[in-house]
Structures are given as C-alpha cells and as structure tokens.
Amino acid sequence: MSISFLTMATNGEKKVYKVDQKVSSVEWLAKKVTGSHDGTITIEKGEIEETDGMITGGIIHIDMNGIVVTDIKDKSTNAKLLGHLMSDDFFGVKDFPSASLKINESKQIEGNKHLIMGDLTIKGKTHPIEIPTTLLKEDGKLVAIGEATVDRTKYDIKYGSGQFFEGLGDRMIYDEFTVKFKVGAK
C-alpha cells in the first residue's frame, strides 16, 4: 500500500470522495472538575471535494442518535449519562438529530499537515472552525486524521458551565470538549 501526500497537482480536476462509515470513527472527550467522560459518535454520511490536491469543500453529517458513552461500564449509570447527553441540557437530539461540518477550504501547513476551515453546526447553531488535519491518499482513497476542540457554549450547550452558573463547585463541566476523528473516503 502506498501513501502519498495530498498536495500532488491534478491539473484542475475536481474529485469527490464519499465517506466510508466502515473505516471512519469519531471519539469525544469531555472533562469536568472531578474527572472526564468519553465515547464515540457515528458519522451518518458525507463527501469531501478535492481540487489540485487540496480539500476545497464537502460536508460531513453526524448522527447525534449515535452517541455512545464508553467510559462507564455500569449499564444503569451509562444509560443515565447517555440520556442526559441526548436531552435539551446538552445536544437536544430529539429536535436536532444531526450535526454537520461544512468544509469550506483548506491550506497546507507542511507536508501532509493541513488546516481544514469550515462551519460546524450543532443544535442548529453554526460557527466557523479550523481543524488541524493529516491528509493521506492510500490507493485512491482519502484518509483524514485530526483533532478539534469545540466550545460547547457557542452551540447553546450551557449545562454545568461555570461561565453561566455560579456555585457549581466540583459539579462544573468544562466548556470545551475534544473530538478525535479518522475519516476514510473513496
């Protein structure tokens, strides 16, 4: 299997890659004063556009019903946190079953390191985001690996935020959460 940098020229040709759910993964990590929780979430569908070896557009849809908590092994406690994450206190999944990342452009930082610039939509709120990403091409397939930090309060997720509520003490939840991803597309 050969891996090449994504910056090879393609004479203005546009290629659209379809996201492959089977080889794509998203992991999340949220921290609070007394610890953290982590899990996964499902990519519903997506496509990534490439022109002259650069990512020039696309959209990734996230299935918010696909949230999984992986750090809590007790089924009852896991279900309680999962239900809370899906409630209006957090992601309001009943009213907002999908989140999305609209890719606007990218720029090469160095080698296969790129900065993806786009618009992240969660709970119907959209804000610009920049995501450092490693881009690889393997046998005609595109692989994007990266990590983003998201300020949940920008998306009306204020539960347990010290920015909005006083006297939380050790029940405070940090405003930023981290998302690590590997997206494969062909």
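One-based numbering along the sequence shown. Basis for what follows: all heavy atoms, side chains included, without hydrogens, waters or symmetry-related copies.
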Report the distance from atom [atom1] of [X] to atom [atom2] of [Y], rounding to the nearest 0.5 Å.
X: Glu49; Y: Ser106; atom1: CD; atom2: OG; answer: 11.5 Å
X: Lys123; Y: Met64; atom1: NZ; atom2: CE; answer: 9.5 Å
X: Phe181; Y: Leu101; atom1: CZ; atom2: CG; answer: 8.0 Å
X: Tyr17; Y: Lys137; atom1: OH; atom2: NZ; answer: 3.5 Å
X: Ile103; Y: Ile48; atom1: CD1; atom2: CD1; answer: 5.0 Å
X: Glu110; Y: Gln108; atom1: CD; atom2: CD; answer: 8.5 Å

Does Glu105 have any salt bridge (Lys or Arg N to Asp or Glu O under 4.0 Å) partners at least two apart in sequence or in another chain, and if so, which?
none
Sequence neighbours left out, what passes salt bridge (Lys or Arg N to Asp or Glu O under 4.0 Å) with Lys186? Give chain and number order.
Asp20
Please report the shortest heavy-atom distance between [X] and [Y], naming the atom on each side.
X: Gly118; Y: Asn104; answer: CA-ND2, 3.4 Å
X: Ile67; Y: Leu82; answer: O-CD1, 3.3 Å
X: Lys15; Y: Gly140; answer: CE-O, 4.4 Å
X: Phe91; Y: Phe96; answer: O-CB, 4.1 Å
X: Ser24; Y: Gly184; answer: OG-N, 3.0 Å
X: Pro97; Y: Lys94; answer: CD-O, 4.2 Å

Under the side-chain hydrogen bond (donor to acceptor under 3.5 Å, both in side chains) rule, collect the residues that match up with [X], sequence neighbours excluded.
X: Asp71; value: His37
X: Asp156; value: none
X: Ser87; value: none

The side-chain contact (heavy atoms from CB on, under 4.5 Å) partners of Lys182 (sequence neighbours excluded) come to Ser25, Val143, Ile145
Please identify each residue that fulfils side-chain contact (heavy atoms from CB on, under 4.5 Å) with Lys31, with sequence neighbours left out.
Leu29, Ser36, Tyr174
Provide the full list of salt bridge (Lys or Arg N to Asp or Glu O under 4.0 Å) pairs with a residue in residues 34-47, sequence neighbours left out, each pair given once.
Lys18-Glu47
Applied to residues 55-68, the side-chain hydrogen bond (donor to acceptor under 3.5 Å, both in side chains) test, sequence neighbours excluded, yields Thr51-Thr56
Give a yes or no answer on whether the side chain of Gln21 reaches the backbone of Ile43 with a donor-acceptor pair at less than 3.5 Å.
yes
In a check of side-chain contact (heavy atoms from CB on, under 4.5 Å) between Ile157 and each of Ile122, Asp175, Ile173, Asp151, which one passes?
Ile122
Please name the residue in the list Val69, Val68, Val26 that meets the side-chain contact (heavy atoms from CB on, under 4.5 Å) test with Thr40.
Val68
Pairs in or reaching into residues 123-145: which pass ring pair (Phe, Tyr, Trp, His ring centres under 6.0 Å), with residues at least two apart or in two chains?
His127-Tyr155
Set of residues satisfying ring pair (Phe, Tyr, Trp, His ring centres under 6.0 Å) with respect to His84, sequence neighbours excluded:
Phe90, Tyr159
For a quick test of your reading: what N or O donor-acceptor pairs under 3.5 Å do the side chains of residues 128-135 make, sequence neighbours left out?
{"from": "Thr133", "atom 1": "OG1", "to": "Ile131", "atom 2": "O", "distance (Å)": "3.0"}
{"from": "Thr134", "atom 1": "OG1", "to": "Lys113", "atom 2": "NZ", "distance (Å)": "3.1"}

Are Val183 and Met117 connected into the same hydrophobic cluster when the rule is that any two of I, L, V, M, F, W, Y join if their side-chain heavy atoms are below 4.5 Å apart?
no
hydrophobic_cluster_shared for Val19 and Ile59, side chain cutoff 4.5 Å:
no
